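Keep in mind that this is a model prediction, so the values were computed, not measured. Note that these values count all heavy atoms, side chains included, but never hydrogens, waters or copies made by symmetry.
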Amino acid sequence: MDFELRRAREKLDREQRERKERAKLKLEREKRAKQEAVRQREAIEAVQRARRIEAAEAQDKISQQLEENLHAGRGVIFSHTLEAVPYQGSGDKIKLPPSTFVELSEQGAFEKGPLHFSLSLIHEEDAGKEQYRMTHAGVMEFTAEEGSVALPPHTWSNLFPGGTLKSSMVEVHYVWLPKGTYAKLQSDEIGFSDIPNHKAVLETSLRQHATLSEGDVLTVNHGALSYHLRVLELKPSSSVSVLETDIEVDIMGPESSEKTNHHVLTPLIFGKPDSGVIDEGNYMYYKFSIDDDTWKIISSKDAKIEIKLESQMQDGDTDLYVSKHPLLFPTRHQHVWSSHDVGSKALILSMGDHNFGPGSYTVGVYGFKGTSKFMVSVTIQDNPREVVGQHAASSSSSMEVDTVKCRNCKRYIPSRTISLHEAYCSRHNIICQHAGCGIVLRIEEAKSHVHCEKCGKAFHEVEIEKHVKVFHEPLHCPCGIVLEKQQMVQHQSLDCPLRLVTCRFCGDMVQAGTCAADARDRLRGYSEHESVCGSRTAPCDSCGRSVMLKDMDIHQIAVHQKN
């Protein structure tokens, strides 16, 4: 009996302990569940609170952006994300879709002056997060496809300095820009300051632009050369308008001259030679100037300018080329004066040459063959006028002497010595049988007397190779045409679109370009640049009416009867 009671009590105690443990575990589970519910509720409230804060910040940012756009646009709000596509054009003026014209017109943007836009590049993978590059531009026309903006090379290279992207989106904002008063530029290449009137060349290039922004790279073309000017500083703001304003410009040289593909003009002093070493196919350039005082001395003394080039290595050869402004760097096929003699060379510039006069000159030394060490110099040589004296007349003239024509050399020889002359002449002399030559040569000299197969000119055999290479080897013009030397010289002086001409309207040295688009301008002989430049208007001095510059002479004759 006691045993059964003890077992029943133990069983009861065990059941009570199990009930207590289950109750304790239940309480712990309920406690953990309550704590988890509290944490979830707090997390939800934190997320909701963060979302409300982000929404408020986003709303504030949108409001701030709208205010900034409203302020930047002077009351015009225009912002679109468009796909950038390139087009071939000059300057910084973009093309927008036709729908943007309507939107801008409704807000009265055209009544607030020239249209300027800020362009911000956005990569697709980071769209809406970060803007990488920004520049500014004007607008050319509203003919782009919907959803796209057409960018000229200048704007494209400034937005995509690392190269062309497969797909890119650009945010276009209408902005108002103040007129620029000061610009600090730095050239990436050496030699831009050597261009005569380089600031006028820069001014001509800026006429194709509407804006400038700090950090942009401005490309200035001068003939076949291109210079890149980096915008370092602008006033009164970091982005300015360059339309109808006068800007003070400071141009700095490049930071380093180690990496450059442009030539350097080394000053050449009269009477002081300069030496150098040049490799085959390369050019070295020197410059000298004839000012008004020097020209008076030259003209009063009837002096001459001698440009001399002496080669000091037997295995090498050089050529000498000289040009005058506006031709800055003479080449094999673009120059005013040249010398291709074997060995030392000299060019004489005298008063009888219509190209000779006051101005800036460039001397080009070209490495024709091998590596050559040379010495170049420019000197002024006096040339006093010679007094022609009177000489006593001969008692008998050659016409009075009885002469006979030699059957070998075709010269007229006195008849009393003709037999001896013909016997000697037939043994030692020979006549060149080439058509149109007929020169009498010593038999030992005949072997080295050769004619060019293309032009027929006579040369010594050591000179014919250089003649063929200089005058008959095809040359490539930067505009893409391939011609021989004579045709190339004529092409680059009369027909090449890259040749420099003086614009009759702005007075600057500019590229001639192709034929004018207007048939009337072609009849007047205007170049492509003059056709565009002459389309600018100016008030008539007589009546004050705005007339295009190229029509001003016709206006004066038709309206005011002035010749």
Electrostatic pair Glu203:Arg207 at N-O distance under 4.0 angstrom: yes
Glu306 with Lys304: basic N within carboxylate O range, under 4.0 Å: no
Output all residues satisfying ring pair (Phe, Tyr, Trp, His ring centres under 6.0 Å) with [X], sequence neighbours left out; order by chain, then residue number.
{"X": "His451", "answer": "His434, His449"}
{"X": "His209", "answer": "His154"}
{"X": "Phe356", "answer": "Trp295"}
{"X": "Tyr321", "answer": "His335, His340"}

Do [X] and [Y] touch side chain to side chain, with heavy atoms closer than 4.5 Å?
{"X": "Thr266", "Y": "Tyr285", "value": "no"}
{"X": "Tyr182", "Y": "Glu233", "value": "yes"}
{"X": "Leu151", "Y": "Leu159", "value": "yes"}
{"X": "Phe270", "Y": "Thr379", "value": "no"}

Residue Arg520 excluded, over 12 heavy atoms near CZ under 6.0 Å: no
If you compare all heavy atoms of [X] against all heavy atoms of [Y], which two are closest, and at what distance to 0.1 Å?
{"X": "Cys409", "Y": "His421", "result": "SG-NE2, 3.4 Å"}
{"X": "Gly525", "Y": "Glu530", "result": "O-OE1, 4.1 Å"}
{"X": "Ile430", "Y": "Ile443", "result": "CG2-CA, 4.4 Å"}
{"X": "Ala516", "Y": "Asp521", "result": "CB-CB, 3.7 Å"}

Within residues 418-442 or reaching into it, pairs that qualify as salt bridge (Lys or Arg N to Asp or Glu O under 4.0 Å) - sequence neighbours excluded: Arg407-Glu422, Arg442-Glu444
Derivation of the side chain to side chain contact (heavy atoms under 4.5 Å, CB included) call for Ser344 and Ser311: CA-CA 6 Å; Ser344 298; Ser311 299; 6.0 Å; no
Rounded at 0.5 Å granularity, tell me how far [atom1] in [X] sits from [atom2] in [Y].
{"X": "Met284", "Y": "Ser372", "atom1": "CE", "atom2": "OG", "value": "12.0 Å"}
{"X": "Ser535", "Y": "Lys550", "atom1": "OG", "atom2": "NZ", "value": "3.5 Å"}
{"X": "Ser289", "Y": "Asp292", "atom1": "OG", "atom2": "CG", "value": "11.5 Å"}
{"X": "His491", "Y": "Leu475", "atom1": "NE2", "atom2": "CG", "value": "11.0 Å"}
{"X": "Ile307", "Y": "Ile348", "atom1": "CD1", "atom2": "CD1", "value": "8.5 Å"}
{"X": "Glu189", "Y": "Leu229", "atom1": "CD", "atom2": "CG", "value": "8.0 Å"}

side-chain hydrogen bond (donor to acceptor under 3.5 Å, both in side chains) partners for Arg522, two or more places apart: none
Six-ring centre of Tyr87, Lys95 cation under 6.0 angstrom, axis tolerance 45°: yes
Pair Lys405-Arg411, side chain to side chain contact (heavy atoms under 4.5 Å, CB included): steps then yes or no: CA-CA 5 Å; Lys405 186 177 182 181; Arg411 294 179 181 175; over 6 Å; no
Asp319 vs Lys345, side chain to side chain contact (heavy atoms under 4.5 Å, CB included): CA-CA, chis, key distance, verdict: CA-CA 8 Å; Asp319 285 337; Lys345 303 157 186 69; 3.8 Å; yes
Within the 3.5 Å criterion, strictly below it, is a donor on [X] or [Y] matched to an acceptor on the partner's side chain?
{"X": "Thr135", "Y": "Asp216", "result": "yes"}
{"X": "Asp353", "Y": "Trp337", "result": "yes"}
{"X": "Tyr227", "Y": "Asn221", "result": "no"}
{"X": "Ser426", "Y": "Asn408", "result": "no"}
{"X": "Asp518", "Y": "Ser531", "result": "no"}

Verdict with supporting geometry, Ile305 and Ile298, side chain to side chain contact (heavy atoms under 4.5 Å, CB included): CA-CA 8 Å; Ile305 296 293; Ile298 294 174; 3.7 Å; yes
Centroid-centroid under 6.0 Å between Tyr526 and Phe505 rings: yes
Phe288 ring center near Tyr286 ring center (under 6.0 Å): no
Check: Glu214 side chain, Leu234 main-chain N or O, donor-acceptor pair, under 3.5 Å: yes
Side chain Asp291, main chain Thr294, donor-acceptor under 3.5 Å: yes
Whether Phe368 and Tyr366 hold their rings parallel, tilted or perpendicular, with breakpoints at 30° and 60°: perpendicular
